[in-house]
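Shown next, in structure tokens, is the structure this report addresses.
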Amino acid sequence: MSTHRPRKRFGQHFLTDPGAIHAIVEAIRPQPDDVIVEIGPGPGAITEPLSRRCAHLHLVELDRDLAGALAKRFADADKVTVHEADALRFDFSGLGNNLRVVGNLPYNISTPLLFHLLEHRAVISDMHFMLQKEVVDRMAAGPGSKTYGRLSVMLGCFLYVDALFDVAPESFEPPPAVVSAVARLMPRQDLPAIADVDQLSGLVAAAFSKRRKTLKNALKDLLDEDTIRSLGLDPTVRPEQVAIEEFIALANAVDG
């Protein structure tokens, strides 16, 4: 086991439970021709089994000490590349196509990191992440749910989100104060085309900035009531009742 002390400023909680490690690797199901990118490998709990079962493994680690230790550990492994880098600024597209991205994401950067990865979605075939269960619940939520919101919609415009299983706090060192969960994210192409992603993001943010408002009031600076009705939507519903494809239609109706 690594002697590296988890650093609070990096949000480090290292996975140590063998059962959880096995379950995550089996959920990923690495294949011999896969190029996998592991974000935040830490001491390498799932790194070793992944490296044995894929074509190439890229490790993106911000902590200098951990990155150095990983580089030494895999110095003789040609198919493992260590990148000492901030995943929030990392150019994933520079690693090629059909990437499989995995990781135990630090809770303090999980949401912005997911949005950063969306910018590189063209080169990503799937993602498997362990995050705070509350975040996974919001990611996977559907219309009508109390946890359905901006994250649910913006991820759902591009990805299917499947919550796989929970991971208890005692599976980590140090134990986090919350339950974690593993999620699988797969590309989706079954929704209408988005005319302007930034416009969609702004509209969704406006809709959920005041959840108790009706749709017409939340979007009054973007769309009038007649336009909302013309899309087959009731202007008096609340944003959490609006489906993802309906948010796309609303955003596409905003005048540029």
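None of these values were measured; they are calculated from a predicted model.
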Practice problem: Could you give me the CA-CA distance, side-chain angles and deciding distance for Arg53 and Glu26, then say whether salt bridge (charged side-chain N to carboxylate O under 4.0 Å, His left out) is met? | Solution: CA-CA 11 Å; Arg53 295 169 59 178; Glu26 288 306 304; 3.1 Å; yes
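- Here the CG atom belonging to Leu250 is positioned 11.0 Å from the CD atom belonging to Glu245, to the nearest 0.5 angstrom.
- A distance-only check finds no donor-acceptor pair linking the side chain of Arg64 to the backbone of Glu84 [under 3.5 Å].
- Remark: side-chain polar atoms of Glu240 are not paired, donor with acceptor, to backbone N or O of Ser145 under 3.5 angstrom.
- Linking ILVMFWY side-chain heavy atoms closer than 4.5 Å, directly or via other members, places Met186 and Phe158 in two distinct hydrophobic clusters.
- A cation-pi arrangement is absent between Arg238 and Tyr148 under the rule of less than 6.0 angstrom and at most 45 degrees off the ring axis.
- For Pro30 against Ile36, the heavy-atom pair with the smallest separation is CB-CD1, 3.7 Å.
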Quiz item: Taking it one step at a time, do Asp34 and Ile28 satisfy side chain to side chain contact (heavy atoms under 4.5 Å, CB included)?
Solution: CA-CA 11 Å; Asp34 284 345; Ile28 297 168; over 6 Å; no
Exercise. Might you work through the side chain to side chain contact (heavy atoms under 4.5 Å, CB included) test for Leu95 and Val35, ending with a clear yes or no?
Key: CA-CA 9 Å; Leu95 300 180; Val35 176; 5.8 Å; no
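- Of the listed residues (Ile39, Leu99, Leu155), just one forms a side chain to side chain contact (heavy atoms under 4.5 Å, CB included) with Leu117, and that residue is Ile39.
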Practice problem: Just do the side chain to side chain contact (heavy atoms under 4.5 Å, CB included) check on Leu151 and Phe208 with the steps written out, would you? | Solution: CA-CA 10 Å; Leu151 185 62; Phe208 287 104; over 6 Å; no
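- Here CG of Asp65 is found 11.0 Å from CG of Leu70. Values are rounded to the nearest 0.5 Å.
- In this structure a side-chain-to-backbone donor-acceptor pair under 3.5 Å is present from Asn252 to Ala193.
- For the pair Pro49 and Val25, the tightest heavy-atom approach, listed with the atom from each and the gap, is CG-CG2, 3.8 Å.
- Not a single side chain to side chain donor-acceptor pair (under 3.5 Å) links Arg52 to another residue, sequence neighbours left out.
- A pairwise comparison of heavy atoms in Leu185 and Leu159 identifies CD2-CD1, 3.6 Å as the closest pair.
- For the atom pair CD (Glu38) and CG (Leu57), the distance works out to 6.0 Å, reported to the nearest 0.5 Å.
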Quiz prompt | Steps toward side chain to side chain contact (heavy atoms under 4.5 Å, CB included) verdict (Leu164, His128) | solution = CA-CA 10 Å; Leu164 300 181; His128 290 78; 4.3 Å; yes
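- Between Phe92 and Phe90, the ring planes lie perpendicular to each other; the angle is over 60°, past the 30° to 60° tilted range.
- Within 6.0 Å of the CG atom in Asp76, the count of heavy atoms belonging to other residues, nucleotides or ligands does not exceed 12.
- Rounding to the nearest 0.5 Å gives a distance of 14.5 Å between CG of Asp126 and OH of Tyr160.
- Rounding to the nearest 0.5 Å gives a distance of 6.5 Å between OG of Ser201 and CZ of Phe115.
- In this structure a side-chain-to-backbone donor-acceptor pair under 3.5 Å is present from Arg73 to Pro43.
- By the 4.5 Å heavy-atom criterion applied to side chains, Ser125 and Arg100 are counted as neighbours.
- Between the side chain of Gln31 and the backbone N or O of Arg29 there is at least one donor-acceptor pair closer than 3.5 Å.
- By the 4.0 Å N-to-carboxylate-O rule, Arg89 lies too far from Glu119 to be salt-bridged with it.
- To the nearest 0.5 Å, the span separating OG on Ser171 from CZ on Phe14 amounts to 15.5 Å.
- Nearest approach of Thr214 to Pro235, heavy atoms of both residues: CB-O, 3.7 Å.
- Within a 6.0 Å radius of NZ in Lys79, other residues, nucleotides and ligands contribute more than 12 heavy atoms.
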